[in-house]
Amino acid sequence: SLYVHIPWCVKKCPYCDFNSHEARGKAQGETPEQDYVRSLIADLELALPQIWGRRVYSVFFGGGTPSLFSARAIEELLAAKPSAQLFVMYGQTEATARLSYLPPGKLAEKPGSIGTWLPGVRLRVLDDKGEPVAPGEPGEIYATGANISPGYYADPGASAAKFTPYGLRTGDLAVVD
């Protein structure tokens, strides 16, 4: 299996050490997605022969904001590596990195989706009053589960802002279908 980090986020978190960049507007095409996809495919073509002849069965995408990765980009990657299953994953560092995944069979049907939560995790999309949003309405993703950190070391102010009574406040917007 391979893990590929998507380098764009809706906003760059101050604690993130990944090579990631704040997207300035997907609709305006301000992420260099096509350049990234072409470079990634070239890297895979060069690197895969060096993994001792092993077959790659799965490619996991995470980091950044997976929903900023277009359906077109995913289709291009699938075409380049048709023998591998492609998993889109969503998570936060405060949640031991992963919260949800989109099964490979759902990629074409649900482009931009973060899929379903992992076992032991519960995701909710809430409005600004902490109430669940109706299907089709946007809200912020909150996560609960045993994998969620209890807070930031020696930083009660930041902990209170991020770790709320509703759960981990991700800062990411979503729509429930």
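This is a predicted model, so every value here is computed, not measured.
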Original post:
Given Y90, which of I141, L118, L102 fulfils the side-chain contact (heavy atoms from CB on, under 4.5 Å) condition?
Top reply: I141

Original post:
How would you list, by chain and number, every residue that makes a side-chain hydrogen bond (donor to acceptor under 3.5 Å, both in side chains) with K110, sequence neighbours excluded?
Top reply: D177

**OP:** Please list, chain by chain and in numerical order, all residues satisfying side-chain contact (heavy atoms from CB on, under 4.5 Å) with P132, sequence neighbours excluded.
**Re:** L126

Original post:
Partners of S39 by side-chain contact (heavy atoms from CB on, under 4.5 Å), sequence neighbours excluded?
Top reply: none

Subject >> F87: ring-ring contact (aromatic ring centres under 6.0 Å, His included) partners, not counting sequence neighbours >> reply: F60

Subject >> Contacts of type side-chain contact (heavy atoms from CB on, under 4.5 Å), residue V175, not counting sequence neighbours >> reply: P138

Subject >> Interatomic spacing from CD in Q34 to CD in E76 - rounded to 0.5 Å >> reply: 4.5 Å

Subject >> Distance (rounded to the nearest 0.5 Å) between K106 NZ and S113 OG >> reply: 9.0 Å

**OP:** Could you tell me which residues satisfy side-chain contact (heavy atoms from CB on, under 4.5 Å) with L86, sequence neighbours excluded, listed by chain and number?
**Re:** V59, F61, I74, L78, L107

Original post:
Is there a side-chain contact between F163 and R169, using heavy atoms and a 4.5 Å cut-off?
Top reply: no

**OP:** Determine the minimum heavy-atom distance between Y166 and R124, stating which atoms define it.
**Re:** O-NH2, 3.0 Å

Original post:
Hey, what do you get for CD (Q92) to CG (D172), rounding to the nearest 0.5 Å?
Top reply: 5.5 Å

**OP:** Side-chain contact test, heavy atoms from C-beta onward, threshold under 4.5 Å: evaluate it for N147 versus L99 and give yes or no.
**Re:** yes

Subject >> Value rounded to 0.5 Å, distance of OG1 in T164 from CD in E140 >> reply: 8.5 Å

**OP:** With rounding to the nearest 0.5 Å, note down the distance linking CG in L168 to OG1 in T93.
**Re:** 10.0 Å

Subject >> Hydrophobic cluster identity match, Y142 and V121, side-chain contacts under 4.5 Å >> reply: no

Subject >> Rounded distance [0.5 Å steps], NZ in K162 versus CD1 in I148 >> reply: 10.0 Å

Subject >> pair S100-I114: side-chain heavy atoms closer than 4.5 Å >> reply: yes

**OP:** Indicate yes or no: at least one non-hydrogen side-chain atom of T116 is less than 4.5 angstrom from one of Y101.
**Re:** yes

